[in-house]
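The structure appears right after this line, and notes come after that.
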Amino acid sequence: MFDFAVVTEWVDAMLCRLLPESWVTTTEFVLVGICLLIAYAVMALGLIYAERKVCAFFQCRLGPNRVGPYGIIQTVTDMIKMLIKEIIEINHVDRFLFNLAPYIVIIASLLAFSCIPFAKGLEIIDFNVGIFFLIAASSIGIVGILLAGWASNNKFSLIGAMRSGAQMISYELSIGLSILTMVVLTGSMQLSTIVESQADGWFIFKGHLPAFVAFVIYLIAGTAETNRGPFDLPEAESELTAGYHTEYSGMHFGFFYVAEFVNMFIVAAVATTLFWGGWMPLHIPGWEAFNRIMDYIPSIFWFLGKSAVMVFIIMWFKWTFPRLRIDQLLTLEWKYLLPINLCNLFLMVFVVVFKLHF
Amino acid sequence: MRTTQEYFSAFFSGLGSLLKGMRITLGEFFTQKTTEKYPENRATLKMYDRFRGELSMIHNERNEHHCVACGICELNCPNDTIRVESDLIVTEDGKKKKVLKRYLYDHGSCLYCQLCVRNCPHQAIEFIPTFEHAVFTREKLCMQLNHEGSKLEEKN
């Protein structure tokens, strides 16, 4: 299997030959940053296209099909439109916080995005509390949403932001507990270790029942965490026009929009990493030929393929279920998911202590 | 206060109905899509029979229509879209009779309400499912529906 560390080490060695040591580190920081931003933008464009196509197919339509073959250039043109649109200055807003909010959202999303192990040797931030850092970083986004709602000086925005706050705080518990369930099984919070310990079988198979329950809960809570349907009541368009980003225009709105889509990918990627083996290929014990063929598929494709399936499931939720009311949302979390999650965590500890896992 | 049993039964029935919904939408995901790729499939596009594109007068193969120029359609039209011009002629047996001269239809002001077609006592007019009506001037939307040289179909 191809190891991306070869590429990164080659770039490092080349830079060491050309530049003094202090400059090498700076250049590498900049290079990594640029690559990350490009990957982020491309990922957002791809996801917006996928969302529009999947939504259309669920509604018996074809979706974008005019710009380029199968409409694949559509989102690129939309991005250009968004970039050249005017950012409208609104009168009675708190100007500093209003302009700051989209950047907080996008920075939180970008920080979480950089933690993901994309392929073998392709990890940007990888240290011993990786998964913990990831949920901490992704939760900063809520500050941006609350600021956006507050600074807009608009009732709809504020209601949207408050709903979002209540929702995020509640569902953060479920996400944390379901991740904790998997950390109990792994015994590590480092993302690269989590992936490597799934080489002989993905955790969804190794952890059987408790891992599966944790996966389902993670997916539900992750959907709620990204403010997507059926939990999209912070921006419920039929009640609140657009919720917390009602007053935003141009690229500031674009940041919220892009961050929402990439957050969905982050949720899918973390689900892939924790439950479905990350970039590990599918190995069935005993089937040597099959395993060797699977090894030939590059690890990045394994990772992106599994994430795509997860993203599809999240979109499937959105286009199937009607939106929840705020009390139903909180009931679902506090009366159903949280008790189940606590029992499941106990079950997982029991399984690990008595070595009932594979 | 709900009982424990109700809590669990509500949980599992809810889960079942959610899964059922997801099964239905997944089925919808793979069905044939209804979108028409219009300019590309122009040659094969089949409009629905009930689609009201424009008013037309039914003519048979001998260039005869059913219109007796009674003007009921004209009276029923809410927008004054239809104007029936008729001549009064005297037949061989000395009877006075109205015959249709020109049946004028202003497509630009038509509501497609179908009151004219419903009220026609002789089923002389109908809506046909054509839909490419874009023209450059309004005058081109004013049409004469009876064909040149057509006459009333005689009843035997």
Side-chain angles (χ1 to χ4, degrees), chain A residues 50-71 74 212-213 215-217 219-220 223-224 229-231 308-325 327-329 331-344, chain B residues 1-54 107 111-112 114 127-136 140-141:
Chain A
E51 163 86 355
R52 291 176 65 175
K53 269 292 189 199
V54 167
C55 157
F57 270 61
F58 274 125
Q59 295 172 349
C60 226
R61 297 184 286 118
L62 286 175
N65 57 27
R66 292 286 122 170
V67 193
Y70 301 101
Q74 181 72 56
F212 182 74
V213 174
F215 169 66
V216 172
I217 291 174
L219 216 53
I220 294 169
T223 313
F231 307 104
V309 174
M310 296 296 128
V311 165
F312 177 78
I313 294 173
I314 293 173
M315 287 177 181
W316 189 6
F317 284 157
K318 171 157 186 170
W319 299 109
T320 303
F321 303 136
R323 185 184 300 131
L324 274 72
R325 231 170 33 224
D327 63 318
Q328 292 168 334
L329 182 96
T331 305
L332 175 68
E333 164 62 21
W334 295 98
K335 289 190 182 166
Y336 291 94
L337 292 186
L338 193 63
I340 294 169
N341 224 332
L342 287 168
C343 295
N344 191 46
Chain B
M1 183 71 198
R2 293 193 308 173
T3 62
T4 319
Q5 200 191 340
E6 274 172 350
Y7 174 87
F8 283 106
S9 67
F11 174 75
F12 284 108
S13 68
L15 196 67
S17 79
L18 288 180
L19 289 175
K20 192 176 176 186
M22 286 181 73
R23 204 178 61 231
I24 288 168
T25 46
L26 192 66
E28 205 62 34
F29 188 81
F30 291 109
T31 50
Q32 184 73 36
K33 304 295 169 256
T34 49
T35 309
E36 302 281 0
K37 289 190 164 181
Y38 164 54
E40 287 90 0
N41 70 353
R42 204 171 163 193
T44 55
L45 183 61
K46 176 86 180 65
M47 270 324 263
Y48 298 96
D49 292 336
R50 287 171 55 189
F51 180 75
R52 300 173 195 171
E54 67 177 304
H107 195 182
L111 280 175
Y112 311 102
Q114 219 177 10
F127 270 101
I128 54 171
T130 55
F131 56 92
E132 288 171 333
H133 298 309
V135 285
F136 283 102
K140 285 181 183 160
L141 289 171

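Each chain gets a letter, A, B and so on, in the order its sequence line appears, and its residues count up from 1.
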Greater than 12 external heavy atoms within 6.0 Å of B:Tyr38's OH:
yes

**Within 6.0 angstrom of B:Asp49 CG, more than 12 heavy atoms from elsewhere** = no

query: Does atom CZ of B:Arg42 have more than 12 heavy-atom neighbours from other groups under 6.0 Å away?
result: no

So, the part of A:Phe321 with a heavy atom under 4.5 Å from chain B: the answer is side chain

Okay, B:Glu40 and chain A: the region with an atom under 4.5 Å from a heavy atom over there is side chain

ask   = Can you list the steps and then say if B:Thr25 with A:Trp319 is a side chain to side chain contact (heavy atoms under 4.5 Å, CB included)?
value = CA-CA 8 Å; B:Thr25 46; A:Trp319 299 109; over 6 Å; no

Atom CZ of residue position B:Phe127 - does it have more than 12 heavy atoms of other residues, nucleotides or ligands inside 6.0 Å?
yes

For atom CD of B:Glu132, is the number of surrounding heavy atoms from other residues, nucleotides or ligands below 6.0 Å larger than 12? yes

Nearest heavy-atom approach of B:Glu28 to A:Cys60 is OE2-SG, 3.7 Å

Parallel, tilted or perpendicular: which one describes the rings of B:Tyr7 and A:Tyr336, with boundaries at 30° and 60°? parallel

Review point. Is there a donor-acceptor contact under 3.5 Å from the side chain of A:Thr320 to the main chain of B:Met22?
Key: no

Honestly, the part of B:Ile24 sitting under 4.5 Å from a heavy atom of chain A is neither

The interface call for A:Pro322 against chain B, heavy-atom contacts under 4.5 Å, is neither

For B:Lys33 and A:Arg61 the tightest heavy-atom approach is CD-O, 3.2 Å

Could you tell me whether B:Phe131 atom CZ has more than 12 heavy atoms of other residues or ligands within 6.0 Å of it?
-> yes

Under 4.5 Å to a heavy atom of chain A? For B:Thr34 that would be both

When rounded to the nearest 0.5 Å, the distance separating CZ of A:Phe57 from CG of B:Leu26 is 13.0 Å

Closest heavy-atom pair, A:Leu62 versus B:Lys37, reported as atoms and distance to 0.1 Å, is CD1-CE, 3.6 Å

